[in-house]
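Chain naming here is simple, since letters A, B, ... match the order of the sequence lines and numbering starts at 1 in each.
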Amino acid sequence: MARARYSALGLLGHGLSQRRWSRVWRDHDLEPSYDVVIIGAGVHGLATAYYLAANHGITNVAVLDSSYLGGGGSGRNTAIVRSNYLTPEGVRFYDRSVKLYENLAAELNFNVMFSQHGHLTLAHDDGSLRTMRWRAEVNKLEGIDSEIIGRDEIQRLVPFMDVSAEARYPILGALYHPPGGTIRHDAVNWGYARAADALGVQIHQNTEVLGIDVQDGRVRGVRTNRGDVAAPVVVNCTAGWSSLVAALAGVRLPISTHPLQAAVTEPVKVFLNTVVVSGTLHVYVSQTARGELVFGASTDPYPSYSMRGSLEFTEELAGHILELMPSIARVRVLRQWAGLCDMTPDFSPIMGITPVEGFMLDVGWGTYGFKAGPVAGETMAELVATGKTPEMIASFDLARFAEGRLVGEKGAAAVGH
Amino acid sequence: MFRIPCPHCGPRNRTEFRHIGERGSRPDPRATTPEEWRGYLYGQRNASDWTAETWYHVAGCRKFVTMDRHTLTNEIRPAAGSTATVTDDGTPR
């Protein structure tokens, strides 16, 4: 379907006219069969659908979501994008994602508001500093802009931060990653949805998968609250609920679902130009273009599917962030929320094939799924289209847990470690 | 925040406890297969439902406490078949 492309002039004209903006993807009746069914209409599911259509010409694709588009982790994360991971596999993978994000607005004809204003990870002790040196060296070998900086440089980048030796947790240095930054996560979801829809992909919201049909070790289709759908390929892109969905196909995943909470303050004049992360203090903060401070922390320390915020989280978060930036003590928190993270034992994702032929996984994304959305979609689309596992995701297979080939990313993937 | 009825200390804040994990049996390392052992290491139900769990009352009596918790609502009830009875308000009987 041809759809009008957005242009600066067109947007200005439409804005001035005060007319309503039309929806950028369509609703459909559920058809009895598709070539590919993708479960989960978040950034991973939508990106997989988009790249299937755009790179491989496979357009008879349905993306099913039990709720609304981008309502899970894709709309609840803190929108940070970076590639300064610890393992070479991780670094290469996330770097490809950053590259895709850099060109995404032009490719999708949708402004995703990617702002590469830099990413700082603070070290408060020798152990963290040592891991960061290691990370910086791995990053540089892979061609990623990443370096250790001292207190003077940190103070220059973030003048409001307390870098004094008198702080409770004095800052010893930081890993500085200039290409890191933030993006408008809803725009990424909507942009992929619009582009996939324009190529013929069908997006079905409020369509819950109740069962997955498996016969003779092959997937045959899915059963939903809107009827049954036959499909030779079913891709699980469901984040927090991934182990429940995989269990429908009889596949057991080594996943534990934890809530991750975040909070946002009232908008204030822009003063924070980089993303600041402190593993020791279990907190990260960035400022949006509108001026709100966005905070995140580590996952709740017990598994749960509850998405209710808790006062203990806000209290701890405030205490920690004020250790770093005492001057924001009067800024008020507007709201807080939680998303669900499917944590794996090694803090790396699970991607690729399963013992059930045709049933594929793009799960286990824990606390770092959003930044990997584009590259996960690109590689999963390649896997579905060619039947061959791309080199880049080969080490993230499900079999690694049985074969003892874990890809330990905890030192760079998690805030609380 | 939810409270956990400790059979020894009564209802206490969740932050006093450390989550240990789903209850299950540990296979004998000398008699198990690698598949079974990995299932024990990495496998959990991770259900969105009532789950039998062990918590450690780290900032209290430092005893291990078993209970059933609903992972969607964080409601807690005494472990099924438990002999350590807990009354409705969580006080030990």
Does any heavy atom of chain A fall under 4.5 Å from the side chain of [X], the backbone, both, or neither of them?
| X | answer |
| --- | --- |
| B/Glu35 | neither |
| B/Arg69 | side chain |
| B/Thr15 | side chain |

Next on the checklist: If I measure from the heavy atoms of chain B, does A/Leu406 come under 4.5 Å with its side chain, its backbone, both, or neither?
Outcome noted: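 The side chain, not the backbone.
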Checklist entry - Which atoms of A/Ile255 come close to chain B, meaning under 4.5 Å heavy atom to heavy atom: side chain ones, backbone ones, both, or neither? => result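 Contact with chain B: backbone and side chain both.
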Checklist entry - Hey, which residues of residues 50-62 of chain B are touching chain A, say heavy atoms under 4.5 Å apart? => result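 Heavy-atom contacts from residues 50-62 of chain B to chain A are B/Trp55.
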Checklist entry - Minimum heavy-atom separation for A/Pro301 to B/Arg14, with atom names? => result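 The pair with the smallest heavy-atom distance is CG-NH1, 3.5 Å.
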Item to check | Nearest non-hydrogen partners of B/Asn74 and A/Ser304, listed with the distance | outcome: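 Smallest interatomic distance, heavy atoms only, reads OD1-OG, 3.4 Å.
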Which residues share a ring-ring contact (aromatic ring centres under 6.0 Å, His included) with [X], sequence neighbours left out:
| X | value |
| --- | --- |
| A/Trp337 | none |
| A/Phe93 | A/Trp365, A/Phe396 |
| B/Tyr40 | B/Trp37 |

Can you tell me if [atom1] on [X] sees more than 12 non-hydrogen neighbours from other groups inside 6.0 Å?
| X | atom1 | value |
| --- | --- | --- |
| B/Phe2 | CZ | yes |
| B/Arg23 | CZ | yes |
| A/Arg218 | CZ | yes |
| B/Arg3 | CZ | no |

Item to check | Non-hydrogen side-chain atoms of A/Leu244 and B/Ser48 separated by less than 4.5 Å | outcome: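 A/Leu244 vs B/Ser48: side chains touch.
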Next on the checklist: To the closest 0.5 Å, what do you measure between OH (B/Tyr42) and CZ (A/Arg252)?
Outcome noted: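 The OH atom of B/Tyr42 sits 13.0 Å away from the CZ atom of A/Arg252.
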Item to check | Rounded distance (nearest 0.5 Å) linking atom CZ of B/Arg38 with atom CD of A/Glu403 | outcome: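 Between atom CZ of B/Arg38 and atom CD of A/Glu403 there are 8.5 Å.
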Checklist entry - Looking only at side chains, do B/Asp49 and A/Tyr305 share a donor and an acceptor under 3.5 Å apart? => result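 Their side chains do not contain a donor-acceptor pair, so the 3.5 Å distance test is not met.
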Checklist entry - Do you know which of A/Ser256, A/Pro345, A/Ser243 has the most heavy-atom pairs under 4.5 Å to chain B? => result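 It is A/Ser256.
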Checklist entry - Among A/Pro259, A/Ser306, A/Pro303, which residue forms the greatest number of heavy-atom pairs with chain B at distances under 4.5 Å? => result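 With the most close heavy-atom pairs to chain B, the winner is A/Pro303.
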Item to check | Choice from B/Leu72, B/Asn13, B/Ile20 maximising heavy atom contacts with chain A below 4.5 Å | outcome: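 Of the candidates given, the most pairs with chain A belong to B/Leu72.
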Checklist entry - Among B/Gly21, B/Pro34, B/Ala47, which has the most heavy-atom pairs under 4.5 Å with chain A? => result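 The residue among B/Gly21, B/Pro34, B/Ala47 with the greatest pair count is B/Ala47.
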